[in-house]
Amino acid sequence: MWKRRGGSAISAVDEEQIQDNSERSGRIRNTVYRMLQTDKYAPDTEEVEISCATWNVGECPPVASMEEWLGVKLRRPDIIAVSLQEVDMSMRSLASETSQKGSVWLQNLHQQLGGTGVYKVLSPMQVVGLMLIVFVRSDISHEVRHVSSDVLRQGKGGRIGNKAGIGMRFSLRGRSFCFISVHLVPNEENWAKRNESFEHLMSELSFETSIQDDAVFTLQAACHTASVTDSRKKKVTVACHDYVVFFGDLNYRLVGISENEAKRRISLKQYTSLMAHDQLARTMKTGESFEGFCEAPIDFPPTYKYERGTDEYACSLGDEKGKKRIPAYCDRVLFHSKNARGTRLTCESYTRHEMHISDHRPVHASLRASVWCLSPTAAQDLLSSLWATSESIEMKTWSRRWFSRYLSPDYSTFVTSHGLPQRFRMQEASECDPNWRDTYLPQFGDGL
């Protein structure tokens, strides 16, 4: 309780004080995050390897050996993200979230990766034929925080999931990651619809996570103080993340080129000239959509459409539905990195693999992302320094707000905790800049 001269009492209501403290802790976290972007406080970084694999499997069961496509034949990536399309397209599954076929694919992939002892699965997601499965190496899985996912159905007005997008986010070593597995609408004429679907997914996918900033939480975890956390939640969109991977059957086609000419260039390995006719490449070049996203150069043949079990592209005249079947780069991996200090996302390799059970060829991209590299001692020193500096800044701001709420703009007399009288006139909140800490806020004197 504070008392003002003249005997009238002014109480700091508990609820308001709680709100003030909550807002204050949020501002301190924001200050810490901004300070981490400066030369003085930026932590050292290291890289994690991310294997991204996408395949439209055409309702086929898993094949015996997929290690090369998953990127684990010669090494063990830190993160493996898998997008599968058309796992199950039966009528019964169209309004379902899971299927037996999906479970078979998940179990088979996990087994080929070495099981739980080598990789841990992060909340696999399925919507009819579309799946998103993220594996993390078991020895670093304890560092993964704030896992959350969301789904948007886009087939038939959003009521069924024959076309959809699945997103999953998490934080690892001070950086936030978001993976989006998609199956967009087909056919050459739906170019604009695919662009619209991308924009819709980017704006509407949302994830529930801790209100604590991932960077601050990582520092606390490294200091073994992560138990002191804020339990409140917040919603974040795709754009809030440091790293985003958008992959799957995007269904963009080649335009302005005949079937015969496309196949001729493929036989001559003139892939760069083919990309001049690619709808997605044109969209990204003009900035019409996919702003800020990158794709590694494509130096492999189109991945669609093949006669199953062969190396031959399907022919338009032989298609039972009478559709044009110009070969196309339907299966893609795009990535985005936030423009912030210490964030860097690069692609080491981008290729397709030769598995023939589907009319699509699987695609794989190997990415490397920068994350923090902090020992517990270094993290403790950095966190202490950041907290002290940001708290000092906050004291002045918080004190201004408190006094502007409870004081009228006339001369007032105070007694500090040290018993020294203070007098000042407050006309605007910005004119009051006391250096008192929370525990040394002044009290109004009774006899002054």
Testing the 3.5 Å rule here: is there a donor-acceptor pair between the side chains of [X] and [Y]?
| X | Y | value |
| --- | --- | --- |
| Q85 | T54 | yes |
| T351 | H364 | no |
| R265 | Y271 | no |
| E199 | S289 | yes |
| W191 | T283 | yes |

Nearest 0.5 Å please: distance from the [atom1] atom of [X] over to the [atom2] atom of [Y].
| X | Y | atom1 | atom2 | value |
| --- | --- | --- | --- | --- |
| L132 | L122 | CG | CG | 9.5 Å |
| N251 | N187 | CG | CG | 7.5 Å |
| K285 | M275 | NZ | CE | 11.5 Å |
| N108 | L113 | CG | CG | 9.5 Å |
| F135 | L106 | CZ | CG | 5.5 Å |
| K120 | I140 | NZ | CD1 | 11.5 Å |

[X] side chain vs [Y] backbone, donor-acceptor pair below 3.5 Å:
| X | Y | result |
| --- | --- | --- |
| S148 | T209 | no |
| N190 | K193 | no |
| S206 | V236 | no |
| W372 | R175 | no |
| R194 | V185 | yes |
| R282 | A276 | yes |
| Q279 | Y252 | no |
| E348 | L367 | no |

Assess whether side-chain hydrogen bond (donor to acceptor under 3.5 Å, both in side chains) is satisfied between E204 and T237, documenting all intermediate values. CA-CA 7 Å; E204 296 303 319; T237 61; over 6 Å; no

Which pair of heavy atoms, one from [X] and one from [Y], lies closest together, and at what distance?
| X | Y | value |
| --- | --- | --- |
| D78 | E49 | OD2-N, 2.7 Å |
| C330 | R253 | SG-NE, 3.6 Å |
| V255 | E188 | CG1-CG, 3.5 Å |
| V128 | D88 | CG1-O, 3.3 Å |
| C240 | S176 | O-OG, 4.2 Å |
| L254 | P327 | CD1-O, 3.1 Å |

What about the rings of F198 and F246, do their centers lie closer together than 6.0 Å? yes

Answer yes when [X] and [Y] have at least one side-chain N-carboxylate O distance shorter than 4.0 Å, and no when they do not.
| X | Y | answer |
| --- | --- | --- |
| R344 | E47 | yes |
| E46 | R173 | yes |
| D299 | R352 | no |
| K235 | E208 | no |
| E354 | R361 | yes |

Audit row: L250, Y329, side-chain contact (heavy atoms from CB on, under 4.5 Å) steps and yes/no: CA-CA 9 Å; L250 276 59; Y329 292 98; over 6 Å; no

Given side-chain hydrogen bond (donor to acceptor under 3.5 Å, both in side chains), test D331 with T303 step by step and report yes or no. CA-CA 7 Å; D331 310 281; T303 57; 2.6 Å; yes

Do any side-chain atoms of residues 290-297 form donor-acceptor pairs under 3.5 angstrom with protein atoms, and if so which ones, sequence neighbours left out?
{"unit_1": "E295", "atom_1": "OE1", "unit_2": "R332", "atom_2": "NH2", "d": "3.1"}
{"unit_1": "E295", "atom_1": "OE2", "unit_2": "R332", "atom_2": "NE", "d": "2.7"}
{"unit_1": "E295", "atom_1": "OE2", "unit_2": "Y350", "atom_2": "OH", "d": "2.7"}

Go through the steps to decide whether T343 and D242 satisfy the test side-chain hydrogen bond (donor to acceptor under 3.5 Å, both in side chains), and finish with yes or no. CA-CA 7 Å; T343 57; D242 295 312; 5.8 Å; no

For F177, the option from F335, F207, Y243 that meets ring-ring contact (aromatic ring centres under 6.0 Å, His included): Y243

Output, in order, the C-alpha distance, side-chain angles, deciding distance and verdict of side-chain contact (heavy atoms from CB on, under 4.5 Å) for I180 and V238. CA-CA 9 Å; I180 305 173; V238 176; 3.7 Å; yes

Excluding sequence neighbours, so at least two apart, what forms ring pair (Phe, Tyr, Trp, His ring centres under 6.0 Å) with H277?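 Expected list: none.
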
Sequence neighbours excluded, which residues qualify as side-chain hydrogen bond (donor to acceptor under 3.5 Å, both in side chains) partners of S197?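 Partners of S197 by the side-chain hydrogen bond (donor to acceptor under 3.5 Å, both in side chains) criterion come out as none, since no residue qualifies.
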
Using the ring of each side chain (for Trp, its six-membered ring), is F170 parallel, tilted or perpendicular to F179, with breaks at 30° and 60°?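 Because their plane-to-plane angle is under 30°, the rings of F170 and F179 count as parallel.
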
Are V134 and I80 close enough, and set up right, to give a side-chain contact (heavy atoms from CB on, under 4.5 Å), and what steps lead you there? CA-CA 6 Å; V134 178; I80 300 174; over 6 Å; no

With side chains defined as the heavy atoms from C-beta onward, is the minimum distance between S51 and S366 less than 4.5 Å? no

